[in-house]
2 protein chains.
Amino acid sequence: MEKSARRGPKPNMQMRERIIEAGLKEIHANGFAATGIQKIVDDIKVPKGSFYNYFDSKEAFGAEVSDRYSEQALARLVGFLADSDKPPLRRLKAYFDDRAASFALRGHTQGCVLGNFSAETVDHSELIRQHVAAHFSRWSEVIAACLAEAQRGGTLTSELSAGTLADFILNTWEGALLRMRAERSGAPLETFKQMVFDVLLHSKSH
Amino acid sequence: MEKSARRGPKPNMQMRERIIEAGLKEIHANGFAATGIQKIVDDIKVPKGSFYNYFDSKEAFGAEVSDRYSEQALARLVGFLADSDKPPLRRLKAYFDDRAASFALRGHTQGCVLGNFSAETVDHSELIRQHVAAHFSRWSEVIAACLAEAQRGGTLTSELSAGTLADFILNTWEGALLRMRAERSGAPLETFKQMVFDVLLHSKSH
DNA sequence: TAATTAAAGACGACCGGTCATATATTTATT
DNA sequence: AATAAATATATGACCGGTCGTCTTTAATTA
C-alpha cells in the first residue's frame, strides 16, 4: 500500500526555519510565557495566521524551539570536545571558558534556554518536559564521554562514574547560570570553574 | 518635625498578608509571568481593584513575594543549622535531606521561588533582581557560617574559603532543582548530596 | 467639612487560538 | 493535453479571556 503523495503548495521550510529562529531568540530573551506568537511573527514580518500552518500550538512550538537550542548548544560542545590537540579535561574547560566569555558579552543575562524551560514550563507541559529532559541527558552523555576518556588516560580518578560526574557538572553549571543572572556577574561562573576543575576533577598528575 | 498622622480607613494588614501568601502560592506553582493578579485575588475572594491599594505594581508585589519566600526558607535553614546536638556538616545535610523529602512529596515539581525568578524575571526587573540577589547572598552567608564552624572544628579542610564553598553549594543546589523538575525525579538531589557531602566537603576525620 | 485612604469595577490593550476566504500546487479524470 | 477536483498554504479578522492600570465611589478621621 502506497501512501498518496502530498498535494498543495510546497511547504515553505525556509519560513518554518525563520519562525523557529525568531521564536528561539524571543523565548531566550523574554521567557516562554512572556513571549507572544504575535511578537515572533512580527519580528520576521509574517502574518500571525501563518504560524499555525506550521505548528499545532504554542506548546508544540516551544518543544521545537528547545530542540533547536539543544542542537546548537550540543554542536558547540562537541566542537570543543573534538579538539584532539588538548587533553580531555582541557577541552571541557575550554568549552566553559568560551561560554563564560559569551555570557560576559551579554552582560550576564539570558542564561540557558533549557534551564529557563525547566524553571518556567516543565511543570505545566509534559511534552516540553520530555524534550528538555532528553536534551539534558544528551548533553550529559557527551560530557560523560569526555570524562571517561580522561579516566582512561589516567588524568582523572575513576572512583566516581563518569555519568554521575557529568550530570553533576551539568546541573551545577545550570545553577551557576541562575546565580549569574541574579547577581549580573560572572563570579558564579568563575567559582564553578574553580570548584569543578581544581577540586572535583582535580588531576592526580598535577 | 512631626509627620502628620494618617487619615482614612485603617489599612487592613491582614488583607495585605493574605494577598502576599496567595501570591506566593500561585507564583511558586505557575511562575511570575503566568500568574495573573485576578487569579491571586480570586483565591481569597478579594476584588481585583483592591490589589493596587496595597501594591504599586505587579513588579513591586513580586519583589515582596520573593522577600516572603526568602524569609520562610531562611527560617527553616536557620532552624536546622541551630540544632547544636549535631556537628555542623550533619546539620547542613539534615536540611538538604528535609528539602529533598519535601520535594518528593510534591512530585518533584515547583522548585525554588528565587531560582524561578532568576530564570524568568531578573533580566526584566532590576527591582526584583536586587531582591533576589540579596536573598541568595543572605542564604549563602548562613551556609558559610556553618561551614566556617566545621572548619574551626577541624571536620572540614580550610583550603577553600567558607564563603566560596557556600556560594558554590547554593548554586549547585539550585541547578539540581532545575534538573529535578525536568526529570521529575529525586535523582539529581541525591547526586547533589553525594557529591557535596561525600566528595566536596569530604571529612578528613572520616 | 476637608482630607485621605481603601473598595470596587470599568477599561483598553493584548493574549493564544480559530476560522473563513483566497491562492497555489498536485492528482485524477477525461 | 486539458481541466476539474483535491489539498495544501497564506492571511487577517475575530473570539473569549486575561492582562495591568486607572477612575470613581465609599468610608474614615483630622
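Naming convention: chains lettered A, B, ... in sequence-line order (proteins, then strands); numbering from 1 in each chain.
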- Message: Suppose we screen for side-chain hydrogen bond (donor to acceptor under 3.5 Å, both in side chains). Which residues come up paired with Ser161(B), at least two apart in sequence or across chains?
- Response: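 With sequence neighbours excluded, Ser161(B) shows a side-chain hydrogen bond (donor to acceptor under 3.5 Å, both in side chains) to Thr164(B), given in chain and number order.
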- Query: Which residues pass the side-chain hydrogen bond (donor to acceptor under 3.5 Å, both in side chains) test with Asp43(B), sequence neighbours left out?
  - Reply: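 Applying side-chain hydrogen bond (donor to acceptor under 3.5 Å, both in side chains) to Asp43(B) gives none.
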- Item | Presence of Tyr54(A) side-chain N/O under 4.0 Å of dA10(D) phosphate oxygens OP1/OP2 |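 Checking Tyr54(A) against dA10(D): at least one side-chain N or O falls below 4.0 Å of OP1 or OP2.
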- Query: So, Asp123(B) side chain and Gln110(A) main chain: donor-acceptor pair closer than 3.5 Å or not?
  - Reply: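 Side chain of Asp123(B) to backbone of Gln110(A): a pair is present.
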Identify which nucleotide among [options] has an atom closest to any side-chain atom of [X], counting heavy atoms from C-beta outward.
X	options	value
Asn53(A)	dA10(D), dG12(D), dA8(C)	dA10(D)
Tyr52(B)	dT21(D), dT9(D), dA6(C)	dT21(D)
Gln38(A)	dA10(D), dA6(C), dC15(C)	dC15(C)

Interatomic distance where [atom1] belongs to [X] and [atom2] belongs to [N] [whole Å]:
X	N	atom1	atom2	answer
Lys48(B)	dG9(C)	NZ	C1'	10 Å
Lys45(A)	dA10(D)	NZ	C1'	18 Å
Ile37(A)	dT18(C)	CD1	P	11 Å
Phe55(A)	dT18(C)	CZ	P	15 Å
Met15(A)	dT9(D)	CE	P	12 Å
Ile44(A)	dA10(D)	CD1	P	11 Å
Phe51(A)	dC14(D)	CZ	P	22 Å
Arg16(A)	dA8(D)	CZ	C1'	15 Å

- Message: Using a 4.0 Å cut-off on heavy atoms, which residues in residues 56-66 of chain B reach DNA chain D? List them by number, or say none.
- Response: Ser57(B), Lys58(B)
- When the aromatic ring centroids of Phe61(A) and Phe51(A) are compared, is their separation below 6.0 Å?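 That pair passes the under 6.0 Å test.
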- Message: I want to confirm an ordering. Mapping Gly49(A) and Lys39(A) to their closest nucleotides on DNA chain C, which one lands closer to the 5' end?
- Response: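 Nearest nucleotide further toward 5': that of Lys39(A).
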- Item | His131(B) side, atom NE2; Thr121(B) side, atom OG1 - distance, nearest 0.5 Å |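 Nearest 0.5 Å value for the NE2-OG1 distance: 13.0 Å.
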- Item | Positive for side-chain contact (heavy atoms from CB on, under 4.5 Å) with Arg179(B), one of Asp167(A), Val132(A), Leu114(A), Thr172(A) |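 That would be Asp167(A); it is the only one of Asp167(A), Val132(A), Leu114(A), Thr172(A) passing the side-chain contact (heavy atoms from CB on, under 4.5 Å) with Arg179(B).
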- Using a 4.0 Å heavy-atom cut-off across all strands, classify Gly36(A) as base, sugar-phosphate, or nothing. sugar-phosphate
- Query: Under 4.5 Å between any side-chain heavy atoms of Asp98(A) and Arg76(A), yes or no?
  - Reply: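 When only atoms from C-beta onward are counted, Arg76(A) and Asp98(A) do touch, with a gap below 4.5 Å.
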